[in-house]
Amino acid sequence: MPPRLSPTVRQQRLGIELRKMRERVGVTPKTLAAALGTDLPKISQMENGKSGISADRLRAWARTCGLTGGRYLDALLTMTQDRRKYWWDGYRGRIPSGIIDIAEMEHHAESLTILHTSFIPGLLQTSAYANAVFARLRPPLPRQETDVRTAFRIQRQRVLVERPKPYTAFVHESALRMQFGGPVVLRDQLLSLLEDSERPGVEIRAIPFSVDTFPGSGESMYLARGPVPELDTVQIDLSQGPKFVHSEADLRAYREIRTETDAIALGADDSREFIRTILKTASS
């Protein structure tokens, strides 16, 4: 099978974990190639996500690196066995691959935590609000691409219904007041946010302007918990597109941001009352 031209972030992540496993104990690619009955180019392709790895070969890889079992290996084996096509695959070639990788990340996560200071998180946006967010990108998108991205974002929201999981959204007051699409769109968005806050597993936590500057206030953060901590992922927004972070040092830093944000944000009930107060202002 020829190498993949554009591996997904999940495929790349499996390759990164293979390389980490090898480097942690100082096993050379040549030793692994001999153990797996393959060649050096194939080992390189596996480590950069351009070639898949079977469950049997993964077990041989792990044994060669001194790993014979445990939840971490089980989680990696699960990644090798998932070869299905998903709904987001139908959007490939129509929108940037990084946006598609977000849906894949959400699907496989055990839990999700997002922090936004400029707009309502994607899984909570109304269609009109999402369309207004995309319409303000620069350079402007063609109307057809704006509509496709909006449809994709709304379809992503199925993950909270079809694969329920804990979802916590920390939303700054600036995002709650930002009028993407104008006051009517904002009003409907805030009403939708209140409805979402009552759904099982969904927790919306507001951060008022009165809170002092806090870690992570200058960027978005989307923390996807994996089946084991080693497979956690953080996605951040950049002007060039989504960036996925998974080095242990970075994950540790973002976990600390999540803990500190949890301590300063309003509780779920107080957040609902806070949103209602903003809604009255937006409706007046």
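Numbers here are sequence positions counted from 1.
Between Asp74 and Arg71 no salt bridge is recorded (no basic side-chain N to carboxylate O distance below 4.0 Å). A salt bridge is defined here as a Lys NZ or Arg NE, NH1 or NH2 lying under 4.0 Å from an Asp or Glu carboxylate O, and Glu256 with Arg252 fails to meet this definition. Between Arg255 and Glu248, at least one side-chain N (NZ, or NE/NH1/NH2) sits under 4.0 Å from a carboxylate O, which counts as a salt bridge.
Listed here is the closest heavy atom pair of Phe170 and Ile207: CB-CD1, 4.2 Å. For the residue pair Leu176 and Ala206, the shortest heavy atom distance occurs at CD1-CB, 4.1 Å. When all heavy atoms of Pro227 and Ala75 are compared, the closest pair comes out as CG-CB, 3.6 Å. Summarising the geometry of Ala175 relative to Phe119, their closest heavy-atom pair is CB-N, 3.5 Å, with the distance given to 0.1 Å. Residues Thr126 and Ile154 share a closest heavy-atom pair of C-CD1, 4.0 Å. What you find for Ala128 and Val185 is that their closest heavy atoms are C-CG1, 4.0 Å.
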Test side-chain contact (heavy atoms from CB on, under 4.5 Å) applied to Met221 and Thr261, step by step = CA-CA 11 Å; Met221 180 201 75; Thr261 305; 6.0 Å; no
Apply the test side-chain contact (heavy atoms from CB on, under 4.5 Å) to residues Phe152 and Ile100: give CA-CA distance (whole Å), side-chain angles for both, the deciding distance (0.1 Å), then the verdict.
-> CA-CA 9 Å; Phe152 181 83; Ile100 296 173; 4.3 Å; yes
Would Ile43 and Glu47 count as a side-chain contact (heavy atoms from CB on, under 4.5 Å) if you check the C-alpha gap in whole Å, the side-chain angles of each, and the deciding distance to 0.1 Å?
-> CA-CA 6 Å; Ile43 296 297; Glu47 289 190 348; 4.2 Å; yes
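Under the 4.5 Å side-chain criterion, counting only non-hydrogen atoms from C-beta, Lys42 is not in contact with Leu36. Taking the side chain as every heavy atom from C-beta outward, Thr8 and Arg92 approach each other to under 4.5 Å. Looking only at side-chain heavy atoms (C-beta outward), Phe209 and Arg177 come within less than 4.5 Å of each other. Residues Phe134 and Arg153 are in side-chain contact: their nearest non-hydrogen atoms beyond the backbone lie under 4.5 Å apart. For the pair Phe244/Arg13, no side-chain contact is recorded, criterion being any heavy-atom separation below 4.5 Å from C-beta on. For the pair Asn48 and Arg19, the minimum side-chain heavy-atom distance is 4.5 Å or more. Residues Arg156 and Trp88 have side chains not in contact (no heavy-atom distance under 4.5 Å, counting atoms from C-beta outward). For the pair Tyr254/Ile236, a side-chain contact is recorded, criterion being any heavy-atom separation below 4.5 Å from C-beta on.
With Lys165 contributing its side chain and Ala109 its backbone, the two residues share a donor-acceptor pair below 3.5 Å. Side-chain N or O atoms of Gln157 include one that pairs as donor or acceptor with a backbone N or O of Gln125 at under 3.5 Å. No donor-acceptor distance shorter than 3.5 angstrom exists from the side chain of Ser44 to the backbone of Leu40, with no hydrogens or angles considered. Although no hydrogens or angles enter the test, the distance criterion places no donor-acceptor pair under 3.5 Å between the side chain of Ser197 and the main chain of Arg272. Between the side chain of Arg22 and the main chain of Leu18, no donor-acceptor pair closer than 3.5 Å is present. With hydrogens and angles disregarded, no donor-acceptor distance shorter than 3.5 Å links the side chain of Gln179 to the backbone of Leu186. Between the side chain of Gln11 and the backbone N or O of Gly52 there is no donor-acceptor pair closer than 3.5 Å. A donor-acceptor contact shorter than 3.5 Å is absent between the side chain of Glu110 and the backbone of Arg225. Using modelled atom types, one side-chain atom of Thr150 and one backbone atom of Thr146 make a donor-acceptor pair closer than 3.5 Å. Under the 3.5 Å distance criterion, the side-chain polar atoms of Tyr129 are matched with a main-chain donor or acceptor of Ile120.
If you check the side chains of Ser220 and Asp237, you find a donor sitting under 3.5 Å from an acceptor.
For the atom pair OG1 of Thr233 and CG of Leu231, the computed distance is 7.5 Å after rounding to the nearest 0.5 Å. One finds the CG atom of Asp232 at 10.0 Å from the OG1 atom of Thr113 (value rounded to the nearest 0.5 Å). Once rounded to the nearest 0.5 Å, the distance linking CD1 of Ile114 with OH of Tyr167 reads 4.5 Å. Between the CG atom of Leu193 and the CD1 atom of Ile275 there is a distance of 4.5 Å, given to the nearest 0.5 Å. We find the CE-OG1 distance between Met21 and Thr64 to be 10.0 Å, quoted to the nearest 0.5 Å. Met46 contributes atom CE, which lies 5.5 Å from atom OG1 of Thr38 (distance to the nearest 0.5 angstrom).
With Arg205 as the partner, the side-chain hydrogen bond (donor to acceptor under 3.5 Å, both in side chains) test is satisfied by one option alone out of Thr168, Asp262, Asp270: Asp262.
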